[in-house]
Colleague: 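The following block contains the structure, expressed as structure tokens.
Atoms within each ligand, like the ligands themselves, are counted from 1 in listed order. In this text, all values refer to a predicted model and were calculated from it rather than measured experimentally. Residues: numbered from 1 along the sequence shown.
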Amino acid sequence: MRSVLDIVDLSVEELDELMKTACDIIDDPEKYQEVCRHKKLATLFFEPSTRTRLSFEAAMYELGGNVISVSSAGASSAAKGESVADTAKTVSCYADIIAMRHPKEGAAMVAARAASIPVINAGDGGHNHPTQTLADLLTIYREKGHMGNLTIGLCGDLKFGRTVHSLINAMSRYENVKFVLISPEELKVPSYVKKDVLQRNRIPYIQTTDLEGVISQLDILYMTRVQRERFFNEEDYLRLKDSYILTPQKLLNAKEDLCIMHPLPRVNEISIAIDDDPRACYFKQVANGKYMRMALILKLLKEAGTI
Ligand code: CP
């Protein structure tokens, strides 16, 4: 049974096919409004979410399907000690496909091994968040018109930011992409990502703490939140949380066609004064996420022979 746990579970050809399907859904939503009739998506969210859970649920409804949901760990038998594997086996009796978020790295893989239906990783700890990356890829494609020849700045919490790790993995597979990794020393991209993805594939990158010093080089600026929930002590979080705050002043030397992205939720990383700047793309990312999740649900249910 095919599941999607990591963005590299999808080939570049499949990413392109998903973007094509998402664009077709945007152009002609009526064509898709009954394709998942009588099918059920289970959203199992053991960690908080607004966008990912609601966009999966909206996606399934817009495909004509239904949704059953666990919206928090405390509202399921996980609170009584049930394992992820037993939960996945149980939900396989009720639904056709699972989207799962969990605070533990690898939890989606455990669920996929136990389930008899496809499992989509909707975020596992600080590890991966492949469907956010699908939203990011469609945003880059629709804003830039191409996926290669881009200098991508990633800024903020690059250590715990699972969306950053998935995006580096995905964009490293396109031609002539360079990364500028902007973070405090304590929140640098983990060495396994640098070694296994960037260095292994000979992808050019630099690391810096100075956002304003590099902003003029960037085609894309991907801001991220410093994630309080991943810190072991509050003191470190408070010291690092406002390391980078993007303001109109800091954009003075940026390109006219810079694409400013953020997976959201934002706390202080992007001033609301930037929201009306035509370069602000973060709410377009939110919309694109629903269409890519529709395309992914369709693909996995077709491959499973369910539709
Ligand atoms: N981007 C994202 O994963 O948002 P939520 O945590 O609200 O789902």
Colleague: Taking the side chain as every heavy atom from C-beta outward, state whether L18 and K299 have any pair of such atoms under 4.5 Å apart.
Modeller: yes
Colleague: Using a plain distance cutoff, I'd like to know if T50 has any nitrogen or oxygen under 3.5 Å from a nitrogen or oxygen of ligand 1.
Modeller: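 N/O-N/O distance under 3.5 Å: yes.
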Colleague: Should R239 and E235 count as an ion pair when the cut-off is N to O under 4.0 Å?
Modeller: no
Colleague: Relative to the heavy atoms of Q132, which atoms of ligand 1 are at a distance of less than 4.0 Å?
Modeller: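 Atoms satisfying the 4.0 Å criterion: 1 (N), 2 (C).
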Colleague: To check your reading of the model: name the closest protein heavy atom to atom 4 (O) of ligand 1, its residue, and the distance in Å.
Modeller: R51 NE, 3.0 Å
Colleague: Can you see whether F45 has R101 sitting over its ring - NZ or CZ less than 6.0 Å from the centre and within 45° of the normal?
Modeller: no
Colleague: Can you tell me the protein heavy atom closest to atom 6 (O) of ligand 1 and the distance?
Modeller: R101 NH1, 2.9 Å
Colleague: Please verify whether a non-hydrogen atom of E47 lies at under 4.0 Å from ligand 1.
Modeller: no
Colleague: Please check this pair: side chain of N169 against backbone of V8, looking for a donor-acceptor N/O pair closer than 3.5 Å.
Modeller: no
Colleague: For ligand 1, which atoms have a heavy atom of T52 less than 4.0 angstrom away?
Modeller: 2 (C), 3 (O), 4 (O), 5 (P), 8 (O)
Colleague: Please indicate whether N253 has more than 12 foreign heavy atoms, meaning atoms of other residues, nucleotides or ligands, lying under 6.0 Å from its CG.
Modeller: no
Colleague: Is it the case that ligand 1 has an N or O less than 3.5 angstrom from some N or O of L264?
Modeller: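 Indeed, backbone or side chain, L264 has an N or O that close.
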Colleague: What do you reckon, is CZ of F283 surrounded by more than 12 foreign heavy atoms closer than 6.0 Å?
Modeller: yes
